[in-house]
J.: 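This structure is in structure tokens; I'll ask about it shortly.
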There are 2 protein chains.
Amino acid sequence: MAAGTLTPLQQRVAREIIALARRENRPAGSHLPKIALAKAIGTSHNPVEAALAYLARRGVVRHLPDRGYFLARDARLIDDAARRVPHSGDERLYHRIVDARLEQRLPDETTASALLRRFGGTRATLQRVLTRIQQEGWIERKAGHGWAFLPLIDSVEAYEDSYELRRVLEPAAVLGRKFSPVTAELAALRAEQLFMAGGGHAHMTAGEWIDLNARFHEALARWSGNPFLLHTIRRMNQLRRLVEYRAVAGDPRLRARQSSEHLEILDAVERDDRTRAALLLQRHLEGARRDKVQPAHFRRGRP
Amino acid sequence: MAAGTLTPLQQRVAREIIALARRENRPAGSHLPKIALAKAIGTSHNPVEAALAYLARRGVVRHLPDRGYFLARDARLIDDAARRVPHSGDERLYHRIVDARLEQRLPDETTASALLRRFGGTRATLQRVLTRIQQEGWIERKAGHGWAFLPLIDSVEAYEDSYELRRVLEPAAVLGRKFSPVTAELAALRAEQLFMAGGGHAHMTAGEWIDLNARFHEALARWSGNPFLLHTIRRMNQLRRLVEYRAVAGDPRLRARQSSEHLEILDAVERDDRTRAALLLQRHLEGARRDKVQPAHFRRGRP
DNA sequence: TATTGCATATTTATCAAATAATATGCAATC
DNA sequence: GATTGCATATTATTTGATAAATATGCAATA
């Protein structure tokens with residue numbers, strides 16, 4: 001790989017290192033040990049080293065020989081420009097397809113070749129991107145050749161549908177027979193939400209806000225101990241991210257209210273008042289739906 | 001392609017042609033027009049022609065020049081041997097991995113190369129199979145190299161989890177704000193279930209029974225008008241098929257009871273008594289769970 | 001008038017060697 | 001006692017020409 005460029009995995013790792021540090025509000029000088037990072041991210045040391053070396057070149061971290069890498073400044077104060085890691089070709093193609101689809105500039109049925117002619121790139125890249133989209137659930141292979149797009153959360157209608165599902169599933173998660181919160185995760189979530197409620201959102205990007213939100217809801221699903229429920233919630237979150245990133249990036253009042261509602265729910269969970277947690281959760285989802293589902297957020301409504 | 005062999009798509013089409021004819025209890029001599037079949041199956045004429053030519057060689061259908069293909073005998077009376085269409089390499093590898101996984105002969109984490117060494121086959125085949133499994137939700141890519149298996153519906157525990165999800169989702173589908181049954185589909189389902197309840201299961205294989213069951217539940221989900229709910233139910237059905245095909249192939253009394261319950265639910269849906277339909281559905285799922293979730297059905301329980 | 005049977009245009013799969021990245025172990029260092 | 005930095009072993013991706021299927025249109029036919 002040419003000097004200065006990263007593989008897709010290395011790019012991802014670089015982004016995750018920054019996200020982690022920011023999530024934990026790491027101070028300047030904080031040590032970033034490669035093995036711990038590798039474990040947290042789920043990869044081997046090697047890509048972590050490459051990512052850290054890159055971040056050092058970018059000035060985000062400092063390198064001390066034989067001692068390792070250290071944050072150059074408080075994680076929350078790293079400016080947007082410095083922490084912007086380039087995206088791989090896969091990622092770029094993916095987003096171009098998302099955009100085209102959200103703006104209804106793509107037909108409901110198409111072929112790989114047609115997409116290649118339109119967007120360029122290699123077959124291998126396109127194949128990977130289509131597989132990813134298939135995994136996310138908004139495209140499927142037709143019987144022989146070709147692909148068919150499925151509805152995305154890209155209209156008031158579909159958005160309502162996704163909330164309808166979540167309103168049923170998430171309270172069920174909390175009330176499930178195996179529900180059991182993980183203490184450490186609960187504490188971490190609480191810290192995040194407190195930081196947010198306490199005005200921390202000033203140092204947060206729209207993307208970080210969305211991820212924070214997703215982590216909260218995913219944790220509840222994970223604590224249900226039901227892998228199928230978790231899988232479903234994850235999928236809804238992926239789809240929401242796609243749309244919300246563009247639409248409802250963040251009214252500060254809305255952010256503050258969401259966090260305080262999240263905290264209330266975490267409180268109820270902590271004192272094992274599950275009925276109350278489920279009720280609050282249901283109200284929370286109902287409120288979030290009302291806040292977000294407004295025609296103005298969507299470019300065009302679908303029938 | 002060598003004479004006598006079919007492409008994977010052609011094999012699939014051949015199987016679907018037979019399944020369709022049997023589903024509709026087509027009599028001997030029934031005409032099988034290629035374009036209608038192609039439309040029903042979602043492909044072009046070409047693979048349908050190849051599949052019909054193959055079925056003619058196998059004696060399942062008769063070919064009259066310039067008139068087309070016709071069932072050689074009543075669809076329900078086609079013997080098992082005659083309608084067994086060979087499986088593609090993909091399909092075989094898929095089932096070998098399913099078996100190995102269900103019997104806990106595979107580690108939780110592995111690599112494509114390791115699987116190749118173990119099962120043979122080409123990288124491309126394995127890649128496709130892994131993508132399919134990923135789509136079904138019981139494997140996922142690790143960050144760099146390798147794959148991690150997720151819990152399958154292969155233990156009492158996981159089976160309970162899947163039913164917990166369905167018990168919440170399916171009644172919600174029926175009660176959903178957009179629920180609206182499609183008359184033609186409802187009639188077709190009723191006919192199938194009546195045939196079954198009336199002793200038709202004698203002419204049915206275990207696989208056909210499972211598919212019938214899945215079609216019923218999928219139809220309810222589709223009528224909800226909520227694509228996300230449908231997607232989730234579909235996924236659960238895929239997984240159930242994997243396991244039930246091996247475990248609970250079919251106690252006749254159980255089959256008869258299931259069909260009559262299905263019919264009751266369809267009745268309630270037809271007279272738009274949704275509350276009752278949802279209630280019956282919930283009871284039905286509860287009963288089905290009790291019938292099926294018995295440790296004896298599973299080779300070994302997981303913790 | 002619908003359907004078949006076949007021809008043509010597109011699309012996708014296949015191949016294996018070369019290349020590139022990731023996983024892992026461990027002596028050196030703090 | 002943990003961590004780095006680097007070497008080595010595995011694993012996975014890329015490539016583009018060739019071959020094989022699938023999609024589609026239409027004259028001939030029942």
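Every chain is numbered from 1, with letters handed out A, B, ... down the list of sequences.
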J.: Specify the angle, to 10°, made by the local axes at the two ends of the helix from C:dT1-D:dA30 to C:dC30-D:dG1 when five pairs are taken at each end.
T.: 60°

J.: Does a side-chain N or O of B:R128 approach OP1 or OP2 of C:dT12 to a distance below 4.0 Å, or not?
T.: no

J.: Whole-Å distance between C:dA13 P and B:Q127 CD?
T.: 12 Å

J.: For A:L130 and C:dT11, what is the distance between atoms CG and P respectively, to the nearest whole Å?
T.: 14 Å

J.: Take nucleotides 23-30 of chain C nucleotide by nucleotide from the 5' end and write B, S or -, depending on whether a protein heavy atom sits under 4.0 Å from the base, only from the sugar-phosphate, or from neither.
T.: BBB---SS

J.: The criterion is ring pair (Phe, Tyr, Trp, His ring centres under 6.0 Å); which residues satisfy it with A:H203, sequence neighbours excluded?
T.: none

J.: What does A:A112 touch in the nucleic acid at a heavy-atom separation under 4.0 angstrom: a base, only the sugar-phosphate, or nothing?
T.: sugar-phosphate

J.: List the residues meeting salt bridge (charged side-chain N to carboxylate O under 4.0 Å, His left out) with A:E140, not counting sequence neighbours, and say none if there are none.
T.: none

J.: Quickly work out the B:L116 CG to D:dT10 P distance and round it to whole Å.
T.: 16 Å

J.: I'd like to know if the side chain of A:E208 and the backbone of A:T205 have a donor-acceptor N/O pair within less than 3.5 Å.
T.: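 Yes, the answer is positive, given that a donor and an acceptor are paired below the 3.5 Å cut-off.
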
J.: Give the rounded distance in Å between these two atoms: CG of A:L6 and C1' of C:dA20.
T.: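 In whole Å, C:dA20 C1' lies 14 Å from A:L6 CG.
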
J.: Return no unless some side-chain N or O of B:R123 is found under 4.0 Å from OP1 or OP2 of C:dT14.
T.: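 Answer is no, no contact under 4.0 Å.
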
J.: Who pairs with A:E136 by salt bridge (charged side-chain N to carboxylate O under 4.0 Å, His left out), at least two apart in sequence or on another chain?
T.: A:R132

J.: Quickly work out the A:L32 CG to D:dA2 P distance and round it to whole Å.
T.: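 After rounding, the reported distance stands at 19 Å.
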
J.: Is A:T125 reaching over with its side chain to a backbone N or O of A:G121, donor-acceptor style, under 3.5 angstrom?
T.: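 No, A:T125 side chain to A:G121 backbone: no donor-acceptor pair under 3.5 Å.
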
J.: Has A:R58 got a side-chain atom pairing as donor or acceptor with A:R83's backbone, closer than 3.5 angstrom?
T.: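 No; zero donor-acceptor contacts below 3.5 Å.
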
J.: Measure from CG on B:L126 to C1' on D:dT13 and round the result to the nearest Å.
T.: 15 Å

J.: Once side-chain hydrogen bond (donor to acceptor under 3.5 Å, both in side chains) is applied, do any residues pair with A:H231, and if so which ones, sequence neighbours excluded?
T.: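 For A:H231, the residues satisfying side-chain hydrogen bond (donor to acceptor under 3.5 Å, both in side chains) (neighbours in sequence not counted) are B:R235.
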
J.: Whole Å only: how far is the CG atom of A:L37 from the P atom of D:dA2?
T.: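 Between P of D:dA2 and CG of A:L37: 17 Å.
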
J.: At under 4.0 Å, does any side-chain N or O of B:Q10 touch on OP1 or OP2 of D:dT22?
T.: yes

J.: What is the distance, to the nearest angstrom, from the CZ atom on A:R141 to the P atom on D:dT22?
T.: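 A:R141 atom CZ is separated from D:dT22 atom P by 12 Å.
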
J.: Test of understanding: with ring pair (Phe, Tyr, Trp, His ring centres under 6.0 Å), list the residues that count as partners of B:H87, not counting sequence neighbours.
T.: none

J.: Go through the structure and list residues passing ring pair (Phe, Tyr, Trp, His ring centres under 6.0 Å) with A:Y69, not counting sequence neighbours.
T.: A:H63

J.: For B:S30, give me all partners under side-chain hydrogen bond (donor to acceptor under 3.5 Å, both in side chains), at least two apart in sequence or on another chain.
T.: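 side-chain hydrogen bond (donor to acceptor under 3.5 Å, both in side chains) list for B:S30, sorted by chain: B:R26.
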
J.: All N/O contacts under 3.5 Å from nucleotides 15-18 of chain D to the protein, with atom names and distances to one decimal?
T.:
none

J.: What side-chain donor-acceptor pairs closer than 3.5 Å can you find for residues 182-191 of chain B, not counting sequence neighbours?
T.:
{"from": "B:E185", "atom 1": "OE1", "to": "B:R222", "atom 2": "NH2", "distance (Å)": "3.4"}
{"from": "B:E185", "atom 1": "OE1", "to": "B:W223", "atom 2": "NE1", "distance (Å)": "2.7"}
{"from": "B:R190", "atom 1": "NH1", "to": "B:D267", "atom 2": "OD1", "distance (Å)": "2.7"}
{"from": "B:R190", "atom 1": "NH2", "to": "B:D267", "atom 2": "OD1", "distance (Å)": "3.2"}
{"from": "B:R190", "atom 1": "NH2", "to": "B:E270", "atom 2": "OE1", "distance (Å)": "2.2"}

J.: Can you list the residues that meet the ring pair (Phe, Tyr, Trp, His ring centres under 6.0 Å) rule with B:F70, with sequence neighbours excluded?
T.: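 Result, ring pair (Phe, Tyr, Trp, His ring centres under 6.0 Å) vs B:F70: B:H31.
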
J.: Return no unless some side-chain N or O of B:T111 is found under 4.0 Å from OP1 or OP2 of D:dT10.
T.: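 So the side-chain polar atoms of B:T111 never come under 4.0 Å of the phosphate oxygens OP1 or OP2 of D:dT10.
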
